[in-house]
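Chain identifiers are assigned alphabetically (A, B, ...) following the order of the sequence lines, protein sequences preceding nucleic acid strands; residue numbering begins at 1 within each chain.
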Amino acid sequence: MSGTINFTQAYQRALYESMEADPSVIMLGEDIADEEGGGVFKVTAGLSTKFGAERVRTTPISEQAIVGAAIGASLAGMRPIAEIMLMNFITVAMDQIVNHAAKLRFMSGGQTHVPITIRTRTGAGIGAAGQHSDMLEAWFAHVAGIKVVVPSTPADAVGLLSSCIFDDDPCLFIEDSLTRTVSGPEPDPGHRLPLGKAHVDREGGDVTVIGYGRPLLDTRKIAAKLADEEGISVEIVDLRTVSPWDKETVLNSVAKTGRAVVVHEAPRSFGVGAEVAATIQEELFGQLKAPVLRATSRDVTVPFARILEQEYLYKPADIESAIKSTLK
Amino acid sequence: MSGTINFTQAYQRALYESMEADPSVIMLGEDIADEEGGGVFKVTAGLSTKFGAERVRTTPISEQAIVGAAIGASLAGMRPIAEIMLMNFITVAMDQIVNHAAKLRFMSGGQTHVPITIRTRTGAGIGAAGQHSDMLEAWFAHVAGIKVVVPSTPADAVGLLSSCIFDDDPCLFIEDSLTRTVSGPEPDPGHRLPLGKAHVDREGGDVTVIGYGRPLLDTRKIAAKLADEEGISVEIVDLRTVSPWDKETVLNSVAKTGRAVVVHEAPRSFGVGAEVAATIQEELFGQLKAPVLRATSRDVTVPFARILEQEYLYKPADIESAIKSTLK
Amino acid sequence: MTAAEHYSPSALMDVFRKALFINVVDEKMRGLLKSGGLVAVYYSPRGQEVVAAGMGVHLKPSDYLVTTYRGIHDQLAKGMPLKLLFAEYFAKVTGACKGKGGAMHITHPETGVMVTTGVVGSGLPIANGLAWATQIKKEDRVTLVTFGDGASNIGAFHEALNLASLWKLPVIFMCQNNGYGECTQYSKATPVENISERAAAYGPNLAGVTVNGNDPQAMWEASRDAVARARAGDGPTLLEAKTFRFMGHYFGDPGAYIPKDEYAAAMEKDPMPAIRQAVIESGAASEAEIKELEQEYSAQIDEALKFAADSPAPELEEISRDIYGDAA
Amino acid sequence: MTAAEHYSPSALMDVFRKALFINVVDEKMRGLLKSGGLVAVYYSPRGQEVVAAGMGVHLKPSDYLVTTYRGIHDQLAKGMPLKLLFAEYFAKVTGACKGKGGAMHITHPETGVMVTTGVVGSGLPIANGLAWATQIKKEDRVTLVTFGDGASNIGAFHEALNLASLWKLPVIFMCQNNGYGECTQYSKATPVENISERAAAYGPNLAGVTVNGNDPQAMWEASRDAVARARAGDGPTLLEAKTFRFMGHYFGDPGAYIPKDEYAAAMEKDPMPAIRQAVIESGAASEAEIKELEQEYSAQIDEALKFAADSPAPELEEISRDIYGDAA
Ligand SMILES: Cc1ncc(C[n+]2csc(CCOP(=O)(O)OP(=O)(O)O)c2C)c(N)n1
Ligand SMILES: Cc1ncc(C[n+]2csc(CCOP(=O)(O)OP(=O)(O)O)c2C)c(N)n1
Ligand SMILES: [Mg+2]
Ligand SMILES: [Mg+2]
């Protein structure tokens, strides 16, 4: 570890290292080549210049064509990375992702597989309103055959995105719009993290907080504060891979603490937290000292006005009070 | 009640009655007019002849255009019913449904609303394999602004579909592929059932089974058998509206029985059952005598071979054993 | 053809008034953004004023408009009240959408502003539905949907044009071809010289026309024809207006991806100085009269901006409203 | 042009052999379905044999094919082994996809059968990806994707053709225009006379050709040209073959929606008697030799069908395999 990098730099590094390591890694998406500015969020800046216009291609605004081309190229032995600029636009490519990418391995009886990575970006809190802010990871988690990955530190972003690219199954990698300039320690070159494995991010004995992505940035601060100020010992489990998720690590932690809070940015109802909570209560009934609680955003379209958008979003205070509720 | 009708007749009746009652009810979808045979499942047979080609229109194979046209017409005061032949094809229309139909009321600050009904059909068990069998209701339940409705009797199908058509919000009405010829008592003319209200389908004191659609047909038989043979008293709560769901009725029932099993056809992980289980444990912690269990299909692409398809599907025996597990 | 259907100095003046109004609004908005008086993502229509104005003069308030995030010129040309528009940009409860939709989702049914979408291409299918309702109700309404050159590459465009042609809908698809989709040059995404050539794919019902969007007369005449065609029930038009986007994709976009000579050439054809000159030359107004008009507009706009700035933010409760129609 | 690039009696014979093989397979399949020897949904290619055969003779095993549920003729023309194909129809573990994909999802990479999709239009974007990989790797491979007339109205068609033209991909889009999409007549869904005219929407890189799919010479030549164009890197072709679907949408479809005179006129142009006659007239084979060929095919097919019928069903464990690559 030589210094710090932010999330944007982390994505850039994983892409750069992967393209350098393997010529079968190719990319496509809107505006991603340097002639078009290297991507509207600059994540792909420099790649087309370095690795050639053949391997890094700007596309028309055609998300079905983007994901379809990634699938086809992957069937022919490539490892394509498709960028879907914002997650709400993935709605036009659901057929390609769900009916095809996720299912071709199974439907072909294992004769083919689809090693694509779909990078997308989303998250509320930037005033982008109803059609540019949705966290839709629960949809994909409900579909067998695709992996859903969300990093919560820049170093994890490097390790997880690299693993997605070299994984033999379709991976959906979700980047957060709000925290792109947040920094953290820089990982070693070639850093990879296993998919499907959760990470005990902080050890603690009183209550387990399970989550992924942005809310864990809040949770880390809350846990430190609660330890300092109130002597509450919070264990944090970072799912890292939302689906298929690492039940074992989660259940081991909750078996120890007896209390659990699930946090995510997506709306509460029918979100990822429901599955985690349902599984915990099923597996650890009788060992739980409190109900499994959820701290999430609200069941409503993301509003435009800042004050309403903040009211929509999960609040750090919600996480804190959920933790304390389990201790009552 | 004069006799019996099957599910197909029930859908037909709701459509017929609604079109007759209100000239703003219009329909569009692939093959739905009589010139094209009245729909591949014959649900719309006779309607274009009776109500005119202007109001019942066959479309090209263009699901985005179908849903979009329904949305637009609804903004102009109509009550369009769009048929999406099978639910897997809804994947190409997700943008129109999720980013637009579900959100326009909120995003317009209530100036507009989208009273459309999307009728679709799905379900495994007919050998239609990976791209023609998926139950995707959990996706839509995770989105605020749209209602998701699934009937479990022909009479309910009449009452719920009619209510969807005359509801002022977008409704997704899901028909089951396998049970279309299953019959039940015929309801009175003009039958309507409230959306958002669950129904205590059978009263019981030992354990509550919560579900919707096809698995309830199995559950009713199991409940009768368990009552007869083992003296187990099962209460069945039919959600009818999967989202927004009727927490109150469910919680009242489970508060009484202290035990709950959630059943659905969709795969288990991140499915509707997760939300129901998570909510119950949260609200009734301490009152539960057993963990909330789920009997669902498996987390895998729907296989083609009959033997595997049956292995994929929830099994009545799973429902029965889940019920008994809660009583141990 | 009646006299009113011929271009004249007074027709030019009508176009100019709307174009100037748009131009002054746009300048004010950019001024505010620069000064920090407004913090928002803003998609400037600078360069596209005459396109919106040339069409707008032919539309009645009862006609429908569907537009995009870059739609402020279309909304103004349609007659959207300034206060409601600005207050929405300012995220105030007095905004048309109560601050919940925001700048990308402006709606105002009273003036026919039915949908503003942030998803590329999604407005076209919805416009068909509005036109379909009009056709069924035999109303005298035209539906105008505007979109960019980039949008012509997405699936919804194709499905919508096909259906509109098939059903001979009273709809105008106005493509504002400003040479770029975000940072991607037209020819890097769209391998056909004129987007209007795409009309050929949908048979004779759909007219395809390309017009110089900087030329008020050409814009006025082409719009007149498209509107007349739709009103007469003769079918839809794909009307491509060639224009340019002087302020980049969003306000603040450095636009480094635009070749300098291309930009300079476009500047030479800037429609605003040209139309001003044409008005003076036609004798419809003198420079002094135009200055007066500018001042009048400026005052109106300032007043509306002040109203917006002074208006209150929505209350927190607003987040719970307009999710479903039957909820509080 | 070399001699082998000219149509000749031996070229006709090549086409005939493939067409006859397809025809005998199709008759056997229909016989089995009628007798109950096979229970499955079957989309007969009866009438479209020469289309697949005329193209198939120009393809190498290493070329890629993407086809649809109505793809058995394409798969056979591509050289897919009979046993693997039939066993998949019979849902047996010896099937190409181990019985997990089924008839609608036939895959066999060894002969280039890369994807068979059940979702209308979804193959086109994937075909682009296969061709893109070929382009990057500078391989000598052509990608053929086949689809119906109905599929030309869905968004994926548009996005795929646009991208293929833009990137000059070595892909052939072969539209088998059989006059119907399910029960909807061509002209009720598609307002353009020839689908090949749609190529004009994508600029000069994309050739658009309509050919009489009943005419072996025309089919052979048009296919030769499209394949040569792709192989030479000169760009994609939209090749429309006009044909007819004699057995309705699926086997058992009563086809009441097809006007009797249309059906009779199509029957007159049935390609199978015509090509047989042409072969005999050309001197390439005598009636007796053809009979012999038929018997030979019939025996091969019977043997493969017996293999399929006698093969075991998949074991239950098969459901847990091929979901993810790294799982058991
Ligand atoms: C389906 C979809 N994909 C991508 C985007 C991101 N995006 C927003 S605007 C834009 C460019 C649109 O270009 P064009 O249609 O030419 O309109 P213009 O902005 O030039 O008016 C893109 C790619 C989006 N909003 N929706
Ligand atoms: C997206 C989608 N919509 C609807 C269907 C249902 N469907 C299956 S085949 C078919 C007709 C397709 O017609 P065409 O493309 O002409 O092919 P053909 O069957 O004539 O070969 C339809 C509508 C589907 N499979 N996918
Ligand atoms: Mg543009
Ligand atoms: Mg067809």
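- Atom NZ of K34(D) has 12 or fewer heavy atoms from other residues, nucleotides or ligands within 6.0 Å.
- Both the backbone and the side chain of D31(B) have a heavy atom closer than 4.5 Å to some heavy atom of chain D.
- Put simply, CD1 on I307(B) and CD1 on I319(D) are 10.0 Å apart, with the number rounded to the nearest 0.5 Å.
- Using a 4.5 Å cut-off between heavy atoms, F89(B) contacts chain D through its side chain alone, with no backbone atom that close.
- Within 6.0 Å of atom CD in E315(D), 12 or fewer heavy atoms from other residues, nucleotides or ligands are found, so the atom counts as exposed in its surroundings.
- Residue D34(B): no heavy atom, backbone or side chain, is found under 4.5 Å from chain D.
- For a residue to count as touching a neighbouring chain, one of its non-hydrogen atoms must lie under 4.5 Å from one of that chain's; by this rule Y89(D) touches chain B with the backbone only.
- S62(B) contributes a side-chain N or O that, together with a main-chain N or O of N153(D), makes up a donor-acceptor pair within less than 3.5 Å.
- V41(D) does not touch chain B: none of its heavy atoms, backbone or side chain, sits under 4.5 Å away.
- For CD of E193(D), the number of neighbouring non-hydrogen atoms (other residues, nucleotides, ligands) closer than 6.0 Å is 12 at most.
- The side-chain heavy atoms of E30(B) and T184(D), taken from C-beta on, include no pair separated by under 4.5 Å.
- Residue T301(B) holds its OG1 atom at 10.0 Å from CG of D322(D), rounded to the nearest 0.5 Å.
- Counting heavy atoms of neighbouring residues, nucleotides and ligands inside a 6.0 Å radius, atom CZ of R298(B) exceeds 12 of them.
- The closest side-chain heavy-atom distance from C183(D) to V40(B) is below 4.5 Å.
- Residues A305(B) and P314(D) come closest through the heavy atom pair CB-CG, 3.7 Å.
- E311(B) contributes no side-chain N or O that, together with a main-chain N or O of L316(D), makes up a donor-acceptor pair within less than 3.5 Å.
- Residues Q131(B) and M104(D) have side chains not in contact (no heavy-atom distance under 4.5 Å, counting atoms from C-beta outward).
- Crowding of Q185(D) atom CD: a count of heavy atoms from other residues, nucleotides or ligands under 6.0 Å exceeding 12.
- For the options V39(D), T190(D), D253(D), T117(D), heavy-atom pairs under 4.5 Å to chain B are most numerous at T117(D).
- There is no contact between S122(D) and chain B, counting heavy-atom distances below 4.5 Å.
- For A313(D), the part lying under 4.5 angstrom from a heavy atom of chain B is the side chain only.
- Between V300(B) and S320(D), every side-chain heavy-atom pair lies at or beyond the 4.5 Å cut-off.
- One finds the NZ atom of K98(D) at 10.5 Å from the CG atom of L308(B) (value rounded to the nearest 0.5 Å).
- E182(D) has its side chain out of reach of E36(B): every pair of non-hydrogen atoms, C-beta onward, lies at least 4.5 Å apart.
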